[in-house]
There are 2 protein chains.
Amino acid sequence: MRKSNTSAPGEATPNHVTAEQRPISTVDVVIFTVRQERLCVLLTRRAQPPFARRWALPGGFVHVGQDADLLACAQRILRGKTGVQSPYLEQLGSWGSATRDPRGWSATHVYFALIPPPDQPLAPDAQWVEAGAALTGAGPLAFDHADILATALARLRAKVEYTSLPAYLLPQPFTLPQLQRMYEVVLGRAVDKSGFRTRMLAADFLQEAGQEAAAAAGRPAMRYRLRENARPAYFPRTFAPRAR
Amino acid sequence: MRKSNTSAPGEATPNHVTAEQRPISTVDVVIFTVRQERLCVLLTRRAQPPFARRWALPGGFVHVGQDADLLACAQRILRGKTGVQSPYLEQLGSWGSATRDPRGWSATHVYFALIPPPDQPLAPDAQWVEAGAALTGAGPLAFDHADILATALARLRAKVEYTSLPAYLLPQPFTLPQLQRMYEVVLGRAVDKSGFRTRMLAADFLQEAGQEAAAAAGRPAMRYRLRENARPAYFPRTFAPRAR
DNA sequence: ACAATAGTGTCTGTAAGACAGTATTGG
DNA sequence: CCAATACTGTCTTACAGACACTATTGT
């Protein structure tokens, strides 16, 4: 049998849901970067309960008087922890349940950021942790943040197979060999140089930015910037080594 | 300059956010089906303000005493409107801002469902509307539901290019020609039969379910069901007609 | 000249798209 | 036998992967 949920008597109908019945609303941001050829994620150590002294993803409550929308809230959190202004930032999803926060029914809107290693110092409670180690080492993460981080990692690795996302892990301008290394770090495997270059240049999201100054040995590389209006490029196929 | 947002004086810190400062939390579900070779979305007519008498996506408040988590809330909404129990249901994203709901800061968690045309009657306030017409005809949708629906449509069309999602638009068992028609309806273009069949069978998400009973003219087709543990299949490439 | 790194050319295999053909049913 | 629909085979071509080759720098 089907039951309508809009007007059953005794049930809280939309206009009768009071503020006390509202779930807690937070925003968390999974911030990735590559440091020393390692994929790292930013974690903060919680000062207050719940989960005091545990590591957690950077996040906070939606400030209804301050945040215009969810994206602005995520940007505020990102800027607060890293000082970075305009990175790649997309929504990952939301996690909400009666049990994920001991304070009550809670839902978090999760964003996903890619940034170059920042020049400014991090917030004092924040630290870069290698992505794999964040899931295993140094004790469990607060809340359901291990789930969230695992989902973010899976999404990153999946999208790197067919998008130009790793370009956001580098400061501009960058060279194609540098970009290739970003792909290799995230994917955890080597990528063929020739195919890689053809693919990147064909995708038409880069513009030349002058020759690199010759530093050590070797031919200096061409530098590139993201084109204006640079949304990430989507490739028609995934990177696929012969053996499936 | 970087500003820490965790301990600035005068700012609401996490444990001091009272229930009154919490955003409104809702869940909306974009429910697609194919009826008479048309892609349709389920809309409901709003009885109460805000946006009374406007068409809207099915949705409602998170019921903190009733819904174990966001997915359960989405399932409750889906079941309430259609009677359908276990369709394809994935998260689409969340939309939240100070202005999207005149009652105050509001965030909605949006899910995305694919179902076969249900046997049971719909809830009395619900109606199938052709997907394109829902965005243009019969007046604007409530809230930011036009944005949400446009995003859902784009996501559906994108994923249909490289996944087996259209299989969830059909009652089981179904034949490959029927499945091919689902692809063609959603994509709005013809798909080559031979390549289509090779692709579907190679993806290994179908199992044979006996020969179709010969009805009218023509050779009866083989019927298929989704395999056990049937998650959707992801194809290595998109459907791509020669001319790009 | 050599090492080191950047960048290009060429071959080959895979698989998708196009389309013509065969198979199986009812009338 | 014909119409109608299901299914298969074959040809062609695009293109990714592999890898060897050339180019440009510093020492």
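Given the structure is predicted, the values throughout are model-derived calculations rather than measurements. First the proteins, then the strands, lettered A, B, ... as listed; each starts at 1.
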Exercise. OP1, OP2 of C:dA6 versus side-chain N and O of A:Arg181: anything below 4.0 Å?
Worked result: yes

For this session: Using whole Å, report how far CD of B:Gln211 lies from P of C:dG26.
Result: 11 Å

Exercise. Start at the 5' end of DNA chain D and walk down; is the nucleotide closest to A:Pro220 or to A:Thr198 reached first?
Worked result: A:Thr198

For this session: Please report, rounded to the nearest Å, how far the P atom of D:dT5 is from the CZ atom of B:Phe196.
Result: 18 Å

For this session: Could you tell me the separation between the CG atom of B:Leu206 and the P atom of D:dC7, rounded to a whole number of Å?
Result: 12 Å

Problem set entry | Under 3.5 Å side-chain donor-acceptor pair for B:Ser94 and B:His109 | no

For this session: Send over the distance from A:Glu212 CD to C:dA4 P, rounded to a whole Å.
Result: 17 Å

Seminar exercise, completed: Atom NZ of A:Lys193 and atom C1' of D:dG17 are separated, to the nearest Å, by 14 Å

For this session: Using a strict cut-off of less than 4.0 Å between a Lys/Arg side-chain nitrogen and an Asp/Glu carboxylate oxygen, indicate whether A:Arg100 and A:Asp144 qualify as a salt bridge.
Result: yes

For this session: Measure from CZ on B:Phe235 to C1' on C:dA16 and round the result to the nearest Å.
Result: 14 Å

Exercise. With a cut-off of 6.0 Å (strictly less than), are more than 12 heavy atoms of other residues, nucleotides or ligands near CZ of A:Arg227?
Worked result: yes

Seminar exercise, completed: Ranking A:Gly218 and A:Ser194 by the position along DNA chain C of their nearest nucleotide, the one closer to 5' is A:Gly218

Exercise. Could you walk me through whether A:Arg38 and A:Thr33 pass the side-chain contact (heavy atoms from CB on, under 4.5 Å) check?
Worked result: CA-CA 8 Å; A:Arg38 301 290 178 104; A:Thr33 198; over 6 Å; no

For this session: Please state whether the phosphate of D:dC7, meaning OP1 or OP2, lies under 4.0 angstrom from any side-chain nitrogen or oxygen of B:Arg197.
Result: yes

Exercise. Atom CG of B:Leu201 to atom C1' of D:dG9: distance rounded to whole Å?
Worked result: 15 Å

Problem set entry | Closest to side chain of B:Ala221, choosing from D:dC7, D:dC19, C:dA6 | D:dC7

For this session: To the nearest Å, give me how far apart CD (B:Gln180) and P (D:dT5) are.
Result: 13 Å

